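Have a look at the structure below before the remarks.
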Amino acid sequence: MENELALQPLFMGKKPVGVSANTGLTLYQTVQRHPEDFTYSIGVRETHGMYIVEAIVEGVGVTFLSGIRLIEKATSKEICSIPVVHGTTYSRQLVASTVKQHLCQAIESAAITEGRATDKENVERLVNQILDECYFLESRKTVLRWAESVGISTK
Amino acid sequence: MTQEIALFKNFGLATPSSITFSESMNAFVTTAQAFPSGNAYGNAARFAEGLLIKEDIGYGQPYTFLNGLHIYDLKTHKLLAELVYPMYQGAFYSKEHVKTVATRLLSELIVEAAEEQGAYMNEQEVSRKVREILERSFSNNQLQELEKNVKVLGF
């Protein structure tokens with residue numbers, strides 16, 4: 001419960017403060033203590049009834065991932081909190097695969113607790129599809145437009 | 001210079017006042033920020049026919065490393081593709097390596113995007129065309145490219 005209350009003010013009902021160019025993340029909170037210091041930010045991605053909350057630290061020439069939380073949109077309940085090793089450099093591929101691993105585990109654990117069987121492969125396939133869409137779909141759409149504009153055509 | 005600053009700001013490049021044009025690199029470089037480890041980190045950016053390629057560079061002793069590469073669509077500011085090396089595991093820096101990585105990232109993304117649309121594209125052919133574009137763009141005067149993009153994009 002404390003977690004839920006603590007998470008709410010971070011972004012729920014708030015307007016984004018910008019987009020992080022290094023991550024493509026919509027930012028809701030940003031703190032920089034000194035102009036030459038790192039910028040600490042909280043950003044959110046929304047997909048299929050779930051918020052993926054990412055904590056990032058951006059400096060000159062480097063961006064670190066410092067934590068991930070998955071929250072169910074309808075209830076604001078935390079699905080899982082994912083710890084990240086200190087000094088982990090940020091890439092969307094890394095975040096997507098980390099989220100996939102933990103989300104699949106969370107689904108499997110919940111199913112076991114409720115005494116239900118899950119098709120592990122199917123869960124992994126669906127989770128992969130959802131995350132791929134969330135992280136990379138826009139990039140693929142945009143790159144096709146660019147490719148056509150420079151004469152690399154699918155036709 | 002205000003317009004140029006606005007353009008660079010959209011791609012997460014360091015404090016705009018610190019961006020200068022390096023004739024020897026034929027690229028825009030930011031002032032490197034020193035870390036207590038003794039290394040310094042900075043960015044370099046180049047234009048390539050509607051794209052901006054941003055490099056994360058680590059300046060160590062005695063080598064320079066490529067720590068990451070981000071490719072953006074200039075019109076939409078969207079992050080198309082990135083490759084980020086884990087901390088202290090960057091590749092030795094060279095312009096050739098930047099072109100090779102950028103070619104691979106773009107070609108793979110284009111082919112994937114085409115497949116998603118149900119179209120088949122020959123990856124080797126796409127890769128050859130992308131490489132040609134990058135070769136041409138990297139040898140063009142980047143200062144002129146900046147001026148051209150500022151006009152075209154209406155900054």
Side-chain angles (χ1 to χ4, degrees), chain A residues 18-27 30 32 34-39 41 43 45 56-66 84-97 129 132-133 135-155, chain B residues 9-15 18 30-33 35 40-44 48-51 54-59 67-68 70-90 106-107 109-110 112-121 125-126 129-130 133:
Chain A
V19 174
S20 153
N22 292 312
T23 62
L25 195 60
T26 305
L27 301 176
T30 288
Q32 189 182 30
H34 186 270
E36 284 174 14
D37 201 355
F38 285 102
T39 304
S41 305
R45 298 180 201 267
I56 58 168
V57 183
E58 293 178 281
V60 178
V62 65
T63 301
F64 297 107
L65 172 70
S66 64
V84 176
V85 177
H86 182 73
T88 301
T89 47
Y90 188 104
S91 75
R92 290 177 300 170
Q93 288 81 357
L94 175 91
V95 181
S97 76
Q129 200 177 312
D132 178 77
E133 194 181 295
Y135 283 86
F136 305 109
L137 184 65
E138 278 302 313
S139 299
R140 287 197 293 267
K141 280 183 184 170
T142 311
V143 87
L144 266 193
R145 279 196 295 272
W146 173 79
E148 294 206 349
S149 76
V150 293
I152 304 172
S153 175
T154 52
K155 286 156 198 159
Chain B
K9 253 187 156 178
N10 284 309
F11 303 100
L13 284 158
T15 46
S18 66
T30 64
T31 308
Q33 192 170 351
F35 269 44
Y41 297 87
N43 291 117
E49 296 203 18
L51 302 178
K54 183 171 85 175
E55 304 156 17
D56 294 341
I57 302 176
Y59 302 94
N67 291 332
H70 294 76
I71 305 175
Y72 299 95
D73 179 62
L74 273 169
K75 267 188 205 154
T76 60
H77 312 154
K78 284 239 159 23
L79 174 62
L80 299 180
E82 79 266 47
L83 174 74
V84 179
Y85 294 99
M87 203 63 180
Y88 305 119
Q89 292 174 35
L106 280 169
S107 310
L109 191 66
I110 292 168
E112 257 179 58
E115 270 174 22
E116 199 170 48
Q117 305 284 315
Y120 169 77
M121 288 180 99
E125 185 59 17
V126 173
K129 285 181 178 170
V130 170
I133 290 169

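Numbers restart at 1 for each chain; the letters A, B, ... are given by sequence-line order, proteins then strands. Small disclaimer: the values here were computed from a predicted structure and weren't measured.
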Distance in Å, [X] [atom1] paired with [Y] [atom2], rounded so as to fall on 0.5 Å steps:
| X | Y | atom1 | atom2 | value |
| --- | --- | --- | --- | --- |
| A:Asn22 | B:His70 | CG | NE2 | 5.0 Å |
| A:Thr89 | B:Asp56 | OG1 | CG | 9.5 Å |
| A:Trp146 | B:Leu74 | CH2 | CG | 11.0 Å |
| B:Glu112 | A:Asp132 | CD | CG | 7.0 Å |
| A:Ser149 | B:Glu49 | OG | CD | 8.0 Å |
| B:Thr76 | A:Arg145 | OG1 | CZ | 6.5 Å |

Region of A:Thr23 in contact with chain B, defined by heavy-atom distances below 4.5 Å: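 The backbone, not the side chain.
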Tell me, which pairs form a salt bridge (charged side-chain N to carboxylate O under 4.0 Å, His left out) where one or both residues lie in residues 71-84 of chain B, sequence neighbours left out?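 Listed by first then second residue: A:Arg92-B:Glu82.
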Is chain A contacted by the side chain of [X], its backbone, both, or neither, given a heavy-atom distance below 4.5 Å?
| X | result |
| --- | --- |
| B:Ala119 | side chain |
| B:Gln117 | side chain |
| B:Tyr59 | neither |

How far apart are the closest heavy atoms of [X] and [Y], and which atoms are they?
| X | Y | answer |
| --- | --- | --- |
| B:Ile133 | A:Val150 | CD1-CG2, 3.6 Å |
| B:Gly12 | A:Ala21 | N-CB, 3.4 Å |
| A:Leu144 | B:Ala113 | CG-CB, 3.5 Å |
| B:Leu79 | A:Gly24 | CD2-N, 4.2 Å |

May I have the list of side-chain donor-acceptor pairs in residues 83-90 of chain B shorter than 3.5 Å, sequence neighbours left out?
{"residue": "B:Tyr85", "atom": "OH", "partner": "B:His97", "partner atom": "NE2", "Å": "3.1"}

Starting from the C-alpha separation in whole Å, work towards a yes-or-no answer on side-chain contact (heavy atoms from CB on, under 4.5 Å) for B:Val130 and A:Ile152. CA-CA 8 Å; B:Val130 170; A:Ile152 304 172; 3.8 Å; yes
Evaluate the criterion side-chain contact (heavy atoms from CB on, under 4.5 Å) for residue pair B:Glu116 and A:Leu137; output intermediate values, then yes/no. CA-CA 10 Å; B:Glu116 199 170 48; A:Leu137 184 65; 3.6 Å; yes
Note, A:Val60 side chain near B:Asn43 side chain (heavy atom, < 4.5 Å):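 Yes, their side chains come closer than 4.5 Å.
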Evaluate the ring-ring contact (aromatic ring centres under 6.0 Å, His included) criterion for residues A:Phe38 and B:Tyr41: first the C-alpha distance (whole Å), next the side-chain angles of each, then the deciding distance (0.1 Å), finally the verdict. CA-CA 12 Å; A:Phe38 285 102; B:Tyr41 297 87; 9.1 Å; no
